[in-house]
Amino acid sequence: MTGIICGTGSYAPSYIMDNNEIASMVETSDEWIRERTGVATRHIIKDETTVSMACEAAKRALDDGGVKGEEVDLIIVSTISSNVILPCTACEVQKELGAMNATCFDMSAACSGFVLAYNTALAYLSGGMYKTALIIGSESLSNLTNWKDRGTCILFGDGAGAAVMRAKEGRMYLPVTHSDGMKGKALTCLSRHTKVSPEHMTDPEYYMQMDGQAVFKFAVKKVPEAVNEVLEKNHIDKKEIAWYIMHQANRRIVEAVAKRLDEPIEKFPMNLQEYGNTSSASIGILLDEMKRDKRLKSGQKIVIAGFGAGLTWGASVMEWM
Ligand code: COA
């Protein structure tokens, strides 16, 4: 028994912030940002929230998969930037979809979140506990971004990506995931839900802080290792892989991973130029885009790979529906 993705959906806020707008807030330039990151624009919430984007992406995924709300028996939302703590975002999605039969919970796994939500749903579906799952990555990172820090504010964006999964007879591919809490300082953000007095809430620690070079080196080393490991574990040759759908953090990271894997860059689709880094939403948004423009074809083998704060990283193989 395994689980397959049978529908995808995504949502991006209509407000688009380009690099020139960022250059009006911090000392940087469109040219610098494009060259070092590949990012040209990012979508930023105005009226939207993490919950509203998750609901919209989820509705689109259900429509796409021809699945009714009441058929869903598991909803997992991956987010580090929800506007609600209680009830969890997944329960808010349940309410909006009328998915009254679903078990709902959120997970906090930052930029590895979509891969970990996929693996978690896959374990439940292949184990026979549930038949239909909805996984969603939804992020309002602009709320956690320090717009005075040019080392981070150039990178991130907001949005949501979702996928519906069904239990199905077939081969289950085993995932590979790793965590290294010892290296957690490379990417941090303190919660604002503490007993600290309000005037300290705007201190830099309450926004995302990052050692950019450390994260870069970690990603280009660990992601190819995880991809090789997942392929070996499942006895799959690289030639069989149609697409490597990586977390969309930085074009240079994606290019370096392709090089280390000795695979053509054409197998590494990117949309980070439009969205920036949307953390746990990025892989879901890209999957949805590729499904809609028909790049994803039935029977193709796909690797999804995530990495980020924690530090955490991992890769999974799937066969497209
Ligand atoms: N605009 C212009 N100059 C900038 C800048 C910006 N936005 N950000 C940093 N600089 C400057 C630095 O101050 C430094 O100047 P100096 O040489 O005079 O000291 C110079 O550019 C180089 O800085 P550095 O930090 O070495 O740049 P970099 O090439 O490592 O690029 C990142 C910075 C953040 C783009 C890059 O490290 C990165 O992408 N890291 C991975 C981040 C990531 O993907 N995180 C999320 C993972 S989930």
Side-chain angles (χ1 to χ4, degrees), residues 17-42 78-81 107-117 137 139-142 144-159 161 177-181 183-189 204 207-224 226 245-260 268 270-273 275-286 304-315:
M17 184 186 282
D18 66 16
N19 291 341
N20 290 325
E21 188 173 345
I22 293 201
S24 71
M25 295 186 267
V26 289
E27 204 182 323
T28 189
S29 67
D30 176 48
E31 193 190 359
W32 196 97
I33 301 170
R34 280 178 196 259
E35 194 203 308
R36 301 289 177 117
T37 70
V39 179
T41 60
R42 66 286 292 144
S78 171
T79 183
I80 53 163
S81 52
M107 66 194 301
S108 168
C111 302
S112 298
F114 199 85
V115 174
L116 287 167
E139 303 287 6
S140 308
L141 297 182
S142 57
L144 304 180
T145 298
N146 180 353
W147 294 101
K148 293 179 182 152
D149 174 15
R150 69 177 182 172
T152 53
C153 74
I154 57 169
L155 298 170
F156 300 104
D158 301 332
T177 47
H178 297 286
S179 306
D180 184 357
K183 302 222 171 68
K185 281 205 167 128
L187 185 39
T188 59
C189 181
Y207 297 96
M208 288 185 285
Q209 289 188 308
M210 184 182 62
D211 178 344
Q213 290 195 3
V215 175
F216 192 96
K217 283 181 193 151
F218 144 74
V220 302
K221 182 169 188 301
K222 293 297 183 184
V223 176
I245 301 185
M246 288 183 46
H247 165 51
Q248 300 288 292
N250 180 315
R251 194 195 61 232
R252 288 192 299 145
I253 293 178
V254 178
E255 287 170 351
V257 171
K259 202 167 171 199
R260 284 198 185 205
F268 293 75
M270 283 183 252
N271 62 6
L272 59 89
Q273 55 281 9
Y275 294 93
N277 178 345
T278 58
S279 192
S280 64
S282 75
I283 292 176
I285 294 173
L286 185 50
I304 57 171
F307 55 92
L311 296 172
T312 62
W313 64 104

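Whatever order the structure lists them in is the order used to number ligands and atoms, beginning at 1.
The stretch residues 245-257 participates, sequence neighbours left out, in these salt bridge (Lys or Arg N to Asp or Glu O under 4.0 Å) pairs: Arg251-Glu255.
In this structure, CZ in Arg42 is found 8.0 Å from CD1 in Ile154, a value given to the nearest 0.5 Å. Remark: Asn146 CG to Met208 CE distance equals 9.5 Å, nearest 0.5 Å.
Contact residues of ligand 1 (protein heavy atom closer than 4.0 angstrom to a ligand atom; sorted by chain and number): Glu27, Thr28, Trp32, Arg36, Thr37, Cys111, Arg150, Gly151, Ile154, Met210, Gly212, Gln213, Val215, Phe216, His247, Ala249, Asn250, Arg252, Ile253, Asn277, Phe307, Gly308.
Evaluation of the side chain to side chain contact (heavy atoms under 4.5 Å, CB included) rule for Leu155 yields Thr37, Met210 as partners, not counting sequence neighbours. For Ser279, there are no side chain to side chain donor-acceptor pair (under 3.5 Å) partners, not counting sequence neighbours.
Taking every heavy atom of both residues into account, Trp147 and Val26 meet most closely at O-CG1, 3.4 Å.
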